[in-house]
Amino acid sequence: MLGCGIDLVEVTRVRRAIERHGDRFLRRVFTPAEIDYCQSRKQPWPHWAVRFAAKEAFYKSVPPEALTALIWNEVGVTRHASGSPSLVLTGRTRKQLPGWRFAVALSHERDMAIAQVLSFPPE
């Protein structure tokens with residue numbers, strides 16, 4: 001059965017968490033590739049926030065019996081050469097969801113970031 005998750009995040013909320021907890025927060029929540037990407041941006045805050053929202057939306061899109069817990073830094077947002085986003089799973093998260101496919105949509109503007117994830121279980 002198709003799953004759908006959506007999450008809306010205030011950019012300032014994520015910014016405050018990063019400023020308060022620094023590298024500890026970044027390493028716990030984001031993949032090394034996400035950290036590199038966001039830190040390379042002139043205005044990184046919306047990029048952090050939309051990735052945070054994508055992880056929440058991902059977790060909401062998967063039934064509880066398929067994934068026991070969200071391990072934040074095992075769910076990464078990557079970009080294809082075309083610029084379209086996709087999700088990359090690693091570690092236990094990848095092992096718990098073999099054969100699953102995901103579609104992700106991201107958007108951010110000034111103070112808000114939104115992500116939607118569709119999950120497709122193996123047939």
Side-chain angles (χ1 to χ4, degrees):
M1 179 166 83
L2 172 72
C4 180
I6 190 167
D7 197 62
L8 179 67
V9 174
E10 289 180 90
V11 172
T12 54
R13 179 176 154 238
V14 175
R15 181 177 185 165
R16 282 193 304 265
I18 293 169
E19 288 174 341
R20 186 177 317 125
H21 302 289
D23 286 342
R24 182 172 168 244
F25 178 82
L26 294 179
R27 287 191 312 271
R28 181 174 170 256
V29 174
F30 300 101
T31 67
E34 288 175 312
I35 292 170
D36 290 344
Y37 175 79
C38 293
Q39 288 180 336
S40 74
R41 310 304 293 178
K42 184 177 180 181
Q43 293 293 326
W45 310 113
H47 301 279
W48 292 118
V50 81
R51 281 158 178 74
F52 187 91
K55 294 163 192 284
E56 289 275 359
F58 159 78
Y59 191 60
K60 293 173 183 178
S61 78
V62 178
E65 63 274 7
L67 187 63
T68 55
L70 174 59
I71 302 172
W72 293 89
N73 61 12
E74 289 186 356
V75 180
V77 174
T78 188
R79 294 171 40 134
H80 295 284
S82 67
S84 64
S86 65
L87 294 181
V88 175
L89 307 181
T90 60
R92 285 190 348 209
T93 303
R94 183 177 180 180
K95 289 178 185 172
Q96 288 184 32
L97 299 171
W100 283 68
R101 295 177 298 115
F102 301 93
V104 60
L106 309 175
S107 186
H108 55 79
E109 185 172 324
R110 294 187 192 163
D111 297 329
M112 300 303 290
I114 191 167
Q116 182 176 26
V117 173
L118 300 177
S119 63
F120 305 90
E123 295 180 14

Quick one: [atom1] on [X] to [atom2] on [Y], what's the gap to the nearest 0.5 Å?
X	Y	atom1	atom2	answer
I18	C38	CD1	SG	7.5 Å
L87	R51	CG	CZ	10.5 Å
K95	T90	NZ	OG1	10.0 Å

Treating Ile, Leu, Val, Met, Phe, Trp and Tyr as nodes and any side-chain heavy-atom pair under 4.5 angstrom as an edge, say whether [X] and [Y] lie in one connected cluster.
X	Y	answer
M112	V11	no
V75	L8	no
L118	L67	no
F25	W45	yes
F30	I71	no

Do [X] and [Y] have side-chain heavy atoms sitting under 4.5 Å apart?
X	Y	result
L2	F120	yes
L97	F102	yes
D7	Y59	no

Under the 3.5 angstrom rule, does the side chain of K55 hit a backbone N or O of V29 as a donor-acceptor pair? yes

Flag, side chain of Q39 to backbone of P44, donor-acceptor distance under 3.5 Å: no

Do you know which two heavy atoms are closest between [X] and [Y], and how far apart they sit?
X	Y	answer
A115	A53	CB-C, 3.6 Å
K60	I6	NZ-O, 3.2 Å
P122	P98	CG-O, 3.4 Å
G76	T31	CA-CG2, 3.7 Å
S61	S119	O-OG, 2.6 Å

Could you check V77 against F52 for side chain to side chain contact (heavy atoms under 4.5 Å, CB included), going step by step and ending with a plain yes or no? CA-CA 9 Å; V77 174; F52 187 91; over 6 Å; no

Any pair counted as side chain to side chain donor-acceptor pair (under 3.5 Å), so long as it reaches residues 69-79, sequence neighbours left out: Y37-R79, E74-T93

Neighbour count >12 (heavy atoms, 6.0 Å) for atom CD, E65: yes

Take atom CZ in R92; do more than 12 heavy atoms of anything else shown fall under 6.0 Å from it? no

Kindly assign one of parallel, tilted or perpendicular to the pair H108 and H47, based on the angle between their ring planes and the thresholds 30° and 60°. perpendicular

Can you name the residues that form a salt bridge (Lys or Arg N to Asp or Glu O under 4.0 Å) with E19, not counting sequence neighbours? R15

